Amino acid sequence: MKLQLNVAGFLLSMLATPMLWSEVASKNLDFSIHQDYISTRAMGMGNAFSAIVDDHSALFYNPAALARRKDGNIHMQLRGGISGNYLDFVDEISKASEDDGSGKTEAERLNDVLNKYYGENFYSRIPTLGFYWMRPNWGIAILPADLTTDLSVHRQGAPAINLNAYLDTTFAYGYGRNVDWFGVDKIGTLSAGVTVKGIHRIFASDSVNALDLVNDSDIFKPSDAAEGFTLDADV
């Protein structure tokens, strides 16, 4: 009886495995880490930045540094970026929907494009205007409509595009102050701080293959996006 149960369990697991794999393969496997805020200066330093930050970026990288500010300022920035071949890839996807006289079906032409770009990653961040008001010990920031898209071409059974898209609106308030070491100055100055962030996010994650593109040429479909609001704090 024990042997029969083990055999039955083994057969059941073998039958279930293809179904489980099919379900996993239809989803987008995402291992990336999305950063709400990116400082160009920090990236240039390999992100070895938190201990020395002395500008408006302290609000997101190290709020304790707000305690060291001696003056206030208003800072505005316009940031954005795009991969060099992002537009070429999107253009080829669009052209593949048109008959090129090769005798291939639309699905075959789209498969050819995906195979051509297999293993490549495409990134874009639409230019976003950010506003910061910094004062000694505290600061606030508003980053509206920060849209990031990340595309990668893979083969999970068939050529497909992994899509991750974030549309964030961020409000942040940070406060920092120096901590008194019981009046003993020789120990040095210790600073502590906290940044409270409210983030409204619209997020989409999907895996789109050639047949999906034949049915709908839009890689990103807003109707598939999820929407929510989070409140967190960095100490």
Side-chain angles (χ1 to χ4, degrees), residues 24-49 57 60-61 76-130 143-170 199 201-227:
V24 171
S26 66
K27 302 296 183 181
N28 180 9
L29 301 179
D30 178 28
F31 302 100
S32 62
I33 298 176
H34 176 67
Q35 293 180 274
D36 302 320
Y37 176 82
I38 299 175
S39 165
T40 304
R41 181 183 173 197
M43 292 179 66
M45 300 174 63
N47 275 333
F49 185 60
S57 302
F60 293 99
Y61 279 85
M76 300 183 71
Q77 70 173 23
L78 183 66
R79 63 177 182 178
I82 190 170
S83 301
N85 53 357
Y86 186 101
L87 296 178
D88 292 336
F89 175 65
V90 174
D91 184 56
E92 289 196 42
I93 290 291
S94 177
K95 288 181 178 178
S97 62
E98 304 170 1
D99 189 357
D100 60 359
S102 63
K104 294 182 178 180
T105 65
E106 183 179 350
E108 290 174 329
R109 294 194 298 271
L110 287 166
N111 262 329
D112 289 342
V113 175
L114 297 183
N115 280 318
K116 175 181 176 180
Y117 288 96
Y118 170 67
E120 295 196 34
N121 182 266
F122 308 92
Y123 172 88
S124 73
R125 198 158 194 162
I126 289 181
T128 304
L129 184 65
L143 308 175
D146 184 6
L147 176 60
T148 303
T149 58
D150 194 344
L151 307 176
S152 59
V153 183
H154 66 88
R155 294 193 190 106
Q156 291 178 14
I161 303 170
N162 270 356
L163 163 70
N164 292 292
Y166 301 82
L167 178 59
D168 292 344
T169 296
T170 303
I199 302 174
R201 170 169 293 174
I202 299 175
F203 171 67
S205 180
D206 202 359
S207 184
V208 183
N209 60 36
L211 291 178
D212 295 327
L213 292 171
V214 170
N215 296 325
D216 189 341
S217 60
D218 290 334
I219 298 175
F220 171 67
K221 293 177 275 296
S223 60
D224 295 336
E227 183 175 358

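Values in this document were obtained by computation on a predicted structure and should not be read as measured data. Any value given below was found using the heavy atoms of this structure, including those in side chains, with hydrogens, waters and symmetry copies removed. For the single chain, residues carry numbers from 1 onward in sequence order.
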Is the side chain of S207 donor-acceptor paired with the backbone N or O of N162 at a distance under 3.5 Å, no angle test?
no

Measure the CG-OH distance between L147 and Y166 for me, rounded to the nearest 0.5 Å.
12.0 Å

Side-chain donor or acceptor of D146 paired with backbone N/O of L167 under 3.5 Å
no

So which atom in A145 and which in T169 form the shortest heavy-atom distance, rounded to 0.1 Å?
N-OG1, 3.3 Å

Please name all residues satisfying side chain to side chain donor-acceptor pair (under 3.5 Å) with R201, sequence neighbours left out, ordered by chain then number.
D36, D168

Mind jotting down which residue pairs meet the ring-ring contact (aromatic ring centres under 6.0 Å, His included) criterion with at least one end in residues 91-111? Sequence neighbours excluded, please.
none

S83 (side chain) donor-acceptor with Y86 (main chain) under 3.5 angstrom
no

Take the angle between the ring planes of Y117 and F89 and call it parallel below 30°, perpendicular above 60°, tilted in between.
perpendicular

Restricting to side chain to side chain donor-acceptor pair (under 3.5 Å), what partner residues turn up for E98, sequence neighbours left out?
none

Euclidean distance, F122 CZ relative to L87 CG, rounded to 0.5 Å
10.5 Å

List the atom of E120, the atom of K116, and the distance in Å for their closest heavy-atom pair.
OE2-O, 4.4 Å

Taking every non-hydrogen atom, the tightest pair across I202 and E227:
CG1-CG, 3.9 Å

Under 3.5 Å, is there a donor on one side chain and an acceptor on the other for N164 and S205?
yes

As an exercise, state the distance from CZ of R109 to CG of L114, rounded to the nearest 0.5 Å.
13.0 Å

T105 side, atom OG1; L110 side, atom CG - distance, nearest 0.5 Å:
8.5 Å

Search all heavy atoms of G130 against all heavy atoms of L143 and return the closest pair with its distance.
CA-CD2, 3.5 Å

Enter the distance from L163:CG to T149:OG1 here, rounded to the nearest 0.5 Å.
7.5 Å

Sidechain-backbone polar pair: N115 side chain, N111 backbone, donor-acceptor under 3.5 Å
yes

